[in-house]
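Convention: sequence-line order gives letters A, B, ...; per-chain numbering from 1. The structure presented is a predicted model; accordingly, all values stated were derived computationally and were not measured.
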There are 2 protein chains.
Amino acid sequence: MSFTPVQKINAYEIIVDQVEQAISDGTYGAGDRLPSERQLMADFGVSRATVREAMRVLQATGVIESRPGDPRGPVVTAFSPRVLEKSMAKLAQLDSVSRVELLQFRLLLEGHASLLAATERTDDELAEIARRGEDIADLADQPDVRFGERVNRFHQAIRRASHNQMLEICGNVVGGVMAEMIDRRLTSETDRSSRVRTSAHDARALVAAIRDGRAQEAAAISTGNIYRYYADDLSSEETRRLATMMESYGAQM
Amino acid sequence: MSFTPVQKINAYEIIVDQVEQAISDGTYGAGDRLPSERQLMADFGVSRATVREAMRVLQATGVIESRPGDPRGPVVTAFSPRVLEKSMAKLAQLDSVSRVELLQFRLLLEGHASLLAATERTDDELAEIARRGEDIADLADQPDVRFGERVNRFHQAIRRASHNQMLEICGNVVGGVMAEMIDRRLTSETDRSSRVRTSAHDARALVAAIRDGRAQEAAAISTGNIYRYYADDLSSEETRRLATMMESYGAQM
DNA sequence: TGTCGTTTACTGGCCTGACCAGTAACCCGG
DNA sequence: CCGGGTTACTGGTCAGGCCAGTAAACGACA
């Protein structure tokens with residue numbers, strides 16, 4: 001016989017749980033309106049302060065949105081990756097998550113996004129990918145535009161064409177975090193222009209591979225490009241930890 | 001010239017931002033104590049209700065923990081993936097995410113976890129993996145123990161040995177969601193025992209591959225096993241969407 | 001009849017002030 | 001030096017109130 005530890009639950013938590021339950025069992029769906037705070041206060045038999053704390057939590061976790069003055073009450077929001085992004089960004093910036101881990105994870109996501117995009121993409125998506133790819137080359141004449149962000153948009157189009165939402169969202173998060181890191185670090189102009197050149201070149205090759213459905217090649221190009229971007233800064237230990245993964249994609253190191 | 005949309009910021013949000021800022025710039029670190037609500041109320045020049053709403057948000061996002069009666073005030077918590085897990089779980093349970101997408105994503109994570117574990121694992125981790133693998137075989141005599149959960153624990157040990165926290169956390173979430181799906185669906189006893197047998201067999205092969213550092217093989221076994229588990233239920237279209245990925249791991253379909 | 005401003009009845013945001021149960025440091029008697 | 005009671009705090013919750021904002025209902029005017 002085992003005892004389960006008693007965990008005292010605050011009043012506001014009960015409200016949060018009930019609302020989440022009501023949403024997950026379909027009582028409320030995206031776009032529906034919750035009762036007003038004053039109504040909830042009567043329904044749950046608690047004070048308004050307690051209701052408000054519960055609303056704050058639901059709002060912070062991306063479950064509802066509320067706006068002062070709207071007589072229709074708080075609205076149940078459709079899923080948005082905002083919360084996911086924030087917590088993942090926090091994880092990524094954490095000291096305990098090393099650069100290698102982040103890079104490994106990114107290679108993994110981008111590699112497979114390219115792989116899937118090569119077979120799943122529609123023609124419209126291919127066109128969008130190609131357009132974003134050309135945008136990178138244009139960077140050569142635009143010294144003030146952020147490089148990391150532009151490249152990330154290219155990869156974003158690929159992730160979308162993978163037709164896998166989990167992959168897409170997670171990739172967007174990690175890609176966004178790393179793009180920001182790049183733009184914060186990139187200072188030297190000569191360095192920038194050389195990076196623009198190689199990235200634009202890789203992008204064209206990648207677009208071609210995706211166009212022709214050469215999935216493995218697409219993955220190899222994609223991961224190879226990302227890898228080479230960071231290669232200079234890596235220690236030998238870090239390089240070793242990436243080797244197995246790069247090999248699995250058949251990419252050049 | 002572009003204008004940025006005005007975004008009204010609530011009082012509590014300002015408090016949240018300031019506290020998060022103070023933590024990210026090192027003013028407060030894990031384990032440190034925030035001032036009491038009454039003190040913060042004086043510091044920020046707001047009412048206690050507002051301070052409390054801010055505290056609730058910080059608590060919900062896993063930044064602080066607070067306990068009634070503690071004269072030392074709320075404690076700044078070390079990062080915990082709890083929030084990330086929750087939002088990830090929400091993503092995985094999203095209706096718009098299809099079975100194939102979830103399975104694709106899982107194959108991706110488990111495949112690379114096995115790949116990395118083969119080269120990065122310590123001896124202790126290998127022992128733990130082997131132990132969890134044998135636990136699966138034991139299931140044959142324990143009809144009441146949940147199959148999906150047990151297999152997930154095995155994979156969990158592998159994910160841990162990959163030495164990549166992002167991979168580990170995401171894998172745990174997706175693995176957990178799918179394990180639950182399995183246990184909800186698995187009813188027939190003859191079906192169960194046959195699945196136990198094949199899974200136990202695959203687990204032994206996987207442990208051996210990881211032990212010997214045969215990374216690619218480990219990934220192939222891992223993904224192959226997971227795939228075969230669901231293969232019967234897949235439509236031909238779903239099978240097609242998985243083919244490219246399975247091929248990239250060199251796994252049998 | 002249809003349009004457009006105004007009213008109105010709400011909404012959420014925030015404040016004040018209060019009571020309670022819990023905690024841990026402090027202090028004092030042994 | 002030690003142990004138990006005291007005390008000064010903590011967070012949890014409540015009641016009631018004011019404000020600015022919103023949108024729907026309304027009514028006047030064309």
Side-chain angles (χ1 to χ4, degrees), chain A residues 5-20 22-23 28 30-78 80 82, chain B residues 5-20 22-23 28 30-78 80 82:
Chain A
V6 286
Q7 42 190 350
K8 210 182 54 180
I9 295 194
N10 300 334
Y12 83 93
E13 280 188 72
I14 299 179
I15 299 181
V16 169
D17 286 346
Q18 285 199 44
V19 173
E20 284 185 336
I23 289 173
Y28 286 98
D32 289 354
R33 301 286 183 158
L34 246 47
S36 73
E37 292 180 359
R38 287 169 178 84
Q39 183 59 48
L40 288 171
M41 156 182 150
D43 291 350
F44 288 110
V46 296
S47 77
R48 197 163 152 228
T50 305
V51 170
R52 284 181 60 74
E53 289 183 21
M55 294 299 109
R56 280 281 106 91
V57 172
L58 290 169
Q59 203 171 320
T61 45
V63 176
I64 65 168
E65 269 172 15
S66 77
R67 211 170 32 126
D70 192 332
R72 295 169 300 183
V75 56
V76 177
T77 54
S80 132
R82 226 197 66 247
Chain B
V6 285
Q7 42 192 353
K8 210 184 55 179
I9 295 193
N10 300 333
Y12 83 93
E13 280 189 71
I14 300 178
I15 299 181
V16 170
D17 285 346
Q18 285 200 42
V19 172
E20 284 185 338
I23 289 173
Y28 287 98
D32 288 354
R33 301 287 181 157
L34 246 46
S36 73
E37 291 180 359
R38 287 167 178 85
Q39 182 60 48
L40 288 171
M41 156 182 151
D43 291 349
F44 288 110
V46 295
S47 77
R48 196 163 151 231
T50 304
V51 171
R52 285 182 59 74
E53 289 182 21
M55 294 299 110
R56 280 281 106 88
V57 172
L58 290 169
Q59 203 171 322
T61 47
V63 177
I64 65 168
E65 270 173 14
S66 77
R67 208 169 36 123
D70 192 332
R72 293 168 301 185
V75 54
V76 177
T77 55
S80 131
R82 226 197 66 246

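In terms of heavy atoms, B:Q59 sits closest to B:S66 at OE1-OG, 3.6 Å. A:T77 approaches A:G62 most closely through the heavy-atom pair OG1-O, 2.8 Å. Heavy atoms only, all atoms of each residue included: A:P74 and A:I64 are closest at CB-CD1, 4.1 Å.
Applying a 4.0 Å cut-off to non-hydrogen atoms, the residues of residues 61-75 of chain A that approach DNA chain C are A:S66, A:R67, A:P68, A:G69, A:D70, A:P71, A:G73, A:P74, listed by residue number. Residues of residues 30-37 of chain A having a heavy atom closer than 4.0 Å to DNA chain C, listed by number: A:S36, A:E37.
At C:dC15, one or more side-chain N or O atoms of B:T50 fall inside 4.0 Å of OP1 or OP2 (strictly under the cut-off).
Here A:R72 pairs with A:D70 under the side-chain hydrogen bond (donor to acceptor under 3.5 Å, both in side chains) rule; sequence neighbours left out.
Taking atom CD of residue B:E13 and atom C1' of nucleotide C:dG12, one finds them 13 Å apart after rounding to whole Å. Between B:M41 atom CE and C:dG17 atom P the separation is 9 Å, expressed in whole Å. To the nearest angstrom, P of D:dG12 lies 13 Å from CD of B:E53. In this structure, CZ of B:F44 is placed 14 Å from P of C:dC14, rounded to the nearest angstrom. Rounded to an integer number of Å, the gap from CD1 of A:I15 to C1' of D:dG12 is 13 Å. Distance, A:I9 CD1 to D:dG12 P: 14 Å, rounded to whole Å. With rounding to whole Å, A:R52 atom CZ is found 10 Å from C:dC15 atom P. Regarding B:L40, its CG atom lies at a distance of 15 Å from the C1' atom of D:dC9, rounded to whole Å.
Contacts classified as side chain to side chain donor-acceptor pair (under 3.5 Å) and involving residues 9-18 of chain A (residues at least two apart or in different chains) are given here: A:Y12-B:R56.
One finds the CD atom of B:E65 at 12.5 Å from the CG atom of B:L58 (value rounded to the nearest 0.5 Å). Rounding to the nearest 0.5 Å gives a distance of 6.0 Å between CD1 of B:I9 and CD1 of B:I14. With rounding to the nearest 0.5 Å, the separation of CZ in A:R82 from OG1 in A:T61 is 9.5 Å.
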Check: residues 35-45 of chain A side-chain donor-acceptor pairs under 3.5 Å, at least two apart:
from  : atom 1 : to    : atom 2 : distance (Å)
A:S36 : OG     : A:Q39 : N      : 3.2
A:E37 : OE1    : A:R48 : NE     : 3.0
A:E37 : OE1    : A:R48 : NH2    : 3.1
A:E37 : OE1    : A:R52 : NH1    : 3.2
A:E37 : OE2    : A:R52 : NH1    : 3.0
A:Q39 : NE2    : A:D43 : OD1    : 2.9

What does the list of N/O pairs under 3.5 Å between the protein and nucleotides 18-20 of chain C look like, with a distance for each?
from   : atom 1 : to    : atom 2 : distance (Å)
C:dA18 : N6     : B:R48 : NH1    : 3.3

